[in-house]
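Input: a single structure, listed below in C-alpha cells.
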Number of protein chains: 2
Amino acid sequence: MNDAAFTHGSCKKCDTCAIHQRSFCRAASDEVLNELSRISHLREYEKGQVIVAQGDDAEIVGNVVSGIVKLTNMSMSGQQNIVGLLFPSDFFGRAFSDESRFSYEAATDVTLCCMSRHAFETFVVRHPEVEHELLLTILDELDATREWTAMTSCHTTMQRVATFLFILSRRSDGVFCDPSSRTRLPRPIIALPIGRRDIAAYLGTTPETLSRNIQTLVRQNIIRSLDTNHFEVVDMPGLIDRTGETREDLESMSGAEPLR
Amino acid sequence: MNDAAFTHGSCKKCDTCAIHQRSFCRAASDEVLNELSRISHLREYEKGQVIVAQGDDAEIVGNVVSGIVKLTNMSMSGQQNIVGLLFPSDFFGRAFSDESRFSYEAATDVTLCCMSRHAFETFVVRHPEVEHELLLTILDELDATREWTAMTSCHTTMQRVATFLFILSRRSDGVFCDPSSRTRLPRPIIALPIGRRDIAAYLGTTPETLSRNIQTLVRQNIIRSLDTNHFEVVDMPGLIDRTGETREDLESMSGAEPLR
DNA sequence: TATCGGCATTGATGCCGGTCAATCAGCGCC
DNA sequence: GGCGCTGATTGACCGGCATCAATGCCGATA
C-alpha cells in the first residue's frame with residue numbers, strides 16, 4: 001500500500017471509511033488513528049453468518065460499516081428472540097466481558113471493522129479520549145435500546161408496527177436510499193432492511209399479523225407500497241397517530257373498515 | 001462536619017454508604033473519593049416525585065442509594081410506558097447529553113446521591129479510571145436492558161409475571177427485607193417494590209391480568225400470599241417452569257445487575 | 001366510628017392476534 | 001416454458017387478554 005499520499009500520519013483505511021465521522025473513532029488523533037488501524041481490519045460476512053455466538057468468548061468487537069447486524073437471544077425452547085438491530089456506525093460485540101450474552105448475526109450481507117477484543121480493551125484504556133467517545137456511543141445505544149423497549153411494551157401490535165416504520169422512515173435518509181436513484185423523493189421512504197420473519201420476531205409478533213397490519217396501513221392510505229421491501233409515507237401525521245392509538249382509532253378501524 | 005475521624009483522606013459520607021462497593025465510585029481512590037463527595041449530596045424524593053423530566057436539561061445525575069426509580073417514556077401520543085426500573089446502586093440520569101430522553105420518577109420514597117451533571121462530567125473526564133468503571137456500569141445496564149427486551153418480546157403474560165417474580169425473589173435477600181424482621185425466613189420472599197399499576201405497565205399488561213396471574217400461581221401452590229405486597233415462594237421449580245426459561249438463563253440474569 | 005378514596009381482586013364480555021392452512025409472487029435452475 | 005423453493009399475503013378459527021364494571025380491602029381523616 002502506498003501511504004505516501006497521506007501525510008501527518010493520517011490513516012488510509014479510516015480516511016475513506018464511510019462511518020468514521022459517526023463512530024467512536026472520530027475522537028482519535030491522526031497518530032492514534034494509525035495505531036488503531038493497525039489492530040483493526042475490514043471483514044465481510046454473508047447474510048445469516050454468526051459473528052459472535054451467545055456464550056462465546058466474544059473475541060471480536062468493532063464497528064458496523066455497512067449492512068444490518070441483529071442481536072439475538074436464543075432461549076432453550078428453540079425460540080430466537082431479536083433483542084436489537086445494529087446499523088452502520090453502531091458498535092458491536094461486548095467489550096470488557098469474558099462472555100457475550102447475545103449472538104451477533106448478519107441480518108444482511110455486512111462489512112465490519114473488526115478488532116480483537118483484548119487488543120481493543122488495552123488500546124482503549126491507554127487512550128482515555130477514545131474511551132470517552134466510546135462511552136458516549138454506548139450511552140446512545142442504551143437510549144436507543146430503551147426506546148425499543150418502550151415500543152415493544154405498547155399494547156397493540158399496530159402501535160409497534162407503526163413505531164417501527166416511523167423510526168425506519170427517519171433512518172432511511174442517508175443510509176438506505178438506493179445510490180442509483182439520482183433524485184431524492186419528496187416523501188420519506190421506508191426501506192425494510194430485513195425479512196418479515198425477523199421484523200416480526202423483533203416486534204414480538206408473527207409474520208402474518210405483521211403483514212396484516214402493514215396492509216391495513218396501505219388500505220388506509222397511510223403508506224404506499226413500492227415493492228415488497230419499500231414503502232412511501234403518504235400520510236406522516238396518520239402514521240404518527242398509529243404509533244399511539246386512541247380508542248377512537250381502534251373503533252374507526254374496526255367499524256368503518258372491518259378486517260376482511 | 002468533623003472529618004478528623006477519617007484519616008488518609010477517606011470520605012465520611014462514602015465510607016458509610018451502603019452501595020459504595022457496588023457503584024462506579026469503587027474505582028476512586030480515597031483522595032479522588034473525597035473530591036467526588038464534595039460535588040455530591042444525598043437527597044430524598046417522595047414517591048411520585050419527578051426527578052428528571054423527559055426532555056429536560058437533565059441537570060442531575062447520580063446513584064440510587066435506596067428505593068426504586070422508574071424510567072418512563074411518554075410516547076408521541078401521550079401514553080406513558082415504563083422503560084426500566086432502577087434499584088439501589090444503579091446509576092441514574094443521562095450524562096453527556098443536553099436532554100434526557102426519559103423521565104426519572106420516584107416509584108417509592110427514594111434516597112439519591114446527586115451530582116450536578118456538569119460537575120460530574122468534568123470530574124469524570126479528569127479521572128479516566130472512574131470513567132472506565134462508569135463505562136463498565138453502563139455496559140452492564142445495556143446488557144440488562146436487552147435481556148429485559150428479550151423477556152418481554154415473545155412470551156406469554158404468565159411467563160413474564162413468573163420471570164418478574166423470580167428475579168425479585170433473588171433480589172429480595174438483602175435489599176428489600178424489612179429491617180424490623182429479625183429472622184430470615186427459609187423460603188425466598190418476594191417483595192413487590194411498587195404498585196400493581198406500575199408492575200403491569202412494566203410487564204406490558206394490565207393490573208387486572210397481572211392480578212389474575214398472581215392469583216393463579218397462588219391457587220397452584222407455587223407462591224403463598226403473606227400480605228398484599230409480599231409472597232413466599234413455596235415451589236421454586238414450579239415458578240421456574242412458568243418462566244419458560246432454563247435455570248441457567250435465570251441464574252445469569254439475576255446476577256450482578258439484573259432487571260431493568 | 002363512619003366515611004371516603006385509592007388500590008387490589010373478581011366477574012362478564014368482546015375482540016385482537018396467534019395458529020394453522022391455502023394461495024400467491026418472485027427467483028433461480030434445468 | 002415447467003418446476004421447485006422461499007417468502008409474503010390472505011383466510012378461518014378460537015384462545016388469551018384488554019376492557020368495563022362491581023366488589024372487597026385498607027389507611028386516612030374528621
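The chains referred to below are lettered A, B, ... by the order of the sequence lines, with proteins before strands, and numbering in each begins at 1.
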Supply the atom-to-atom distance A/Ser103 OG to A/Asn73 CG, rounded to the nearest 0.5 angstrom.
8.0 Å
Does a distance-only test, which skips hydrogens and angles, find a donor-acceptor pair under 3.5 Å between the side chain of B/Arg212 and the base of C/dG11?
yes
Please report the distance, rounded to the nearest Å, between CG in A/Asn229 and C1' in D/dA8.
10 Å
Rounded to the Å, how far apart are B/Arg197 CZ and C/dG6 C1'?
9 Å
Stepwise, does the salt bridge (Lys or Arg N to Asp or Glu O under 4.0 Å) test hold for B/Asp140 with A/Arg94?
CA-CA 10 Å; B/Asp140 280 341; A/Arg94 179 55 161 94; 2.9 Å; yes
Separation of atom CE in B/Met158 from atom P in D/dA18, rounded to whole Å:
13 Å
Within the pair A/Ser211 and D/dA8, is there a side-chain N or O less than 4.0 Å away from OP1 or OP2?
no
Nearest-angstrom distance from the residue atom CG of B/Asp227 to P of C/dA8:
12 Å
Atom-pair distance (CD on A/Gln215; C1' on D/dG7), nearest Å:
14 Å
D/dA8 phosphate, OP1 or OP2, under 4.0 Å from A/Thr228 side-chain N/O:
no
Has B/Thr149 got a side-chain atom pairing as donor or acceptor with B/Thr145's backbone, closer than 3.5 angstrom?
yes
What I want to check is whether an N or O donor and acceptor connect the side chain of B/Glu208 with the base of D/dC20 at under 3.5 Å.
yes
Determine whether B/Glu105 and B/Lys47 satisfy the following criterion, salt bridge (Lys or Arg N to Asp or Glu O under 4.0 Å), listing intermediate values before the conclusion.
CA-CA 8 Å; B/Glu105 184 182 327; B/Lys47 173 179 177 178; over 6 Å; no
Tell me whether the side-chain N/O atoms of B/Thr205 come closer than 4.0 Å to OP1 or OP2 in D/dA18.
yes
Quick one: on DNA chain C, does B/Gly195 or A/Thr206 contact a more 5' nucleotide (nearest heavy atom)?
B/Gly195
Expressed in angstrom and rounded to an integer, what is the separation of B/Arg196 atom CZ from D/dC25 atom P?
15 Å
Tell me: CG of A/Leu192 to P of D/dT9, nearest whole Å?
9 Å
Nearest whole angstrom, please: distance from the P of C/dA8 to the CD1 of B/Ile194.
10 Å
Can you check salt bridge (Lys or Arg N to Asp or Glu O under 4.0 Å) on A/Arg101 and B/Asp143, steps first, answer last?
CA-CA 7 Å; A/Arg101 285 155 98 164; B/Asp143 276 354; 3.8 Å; yes
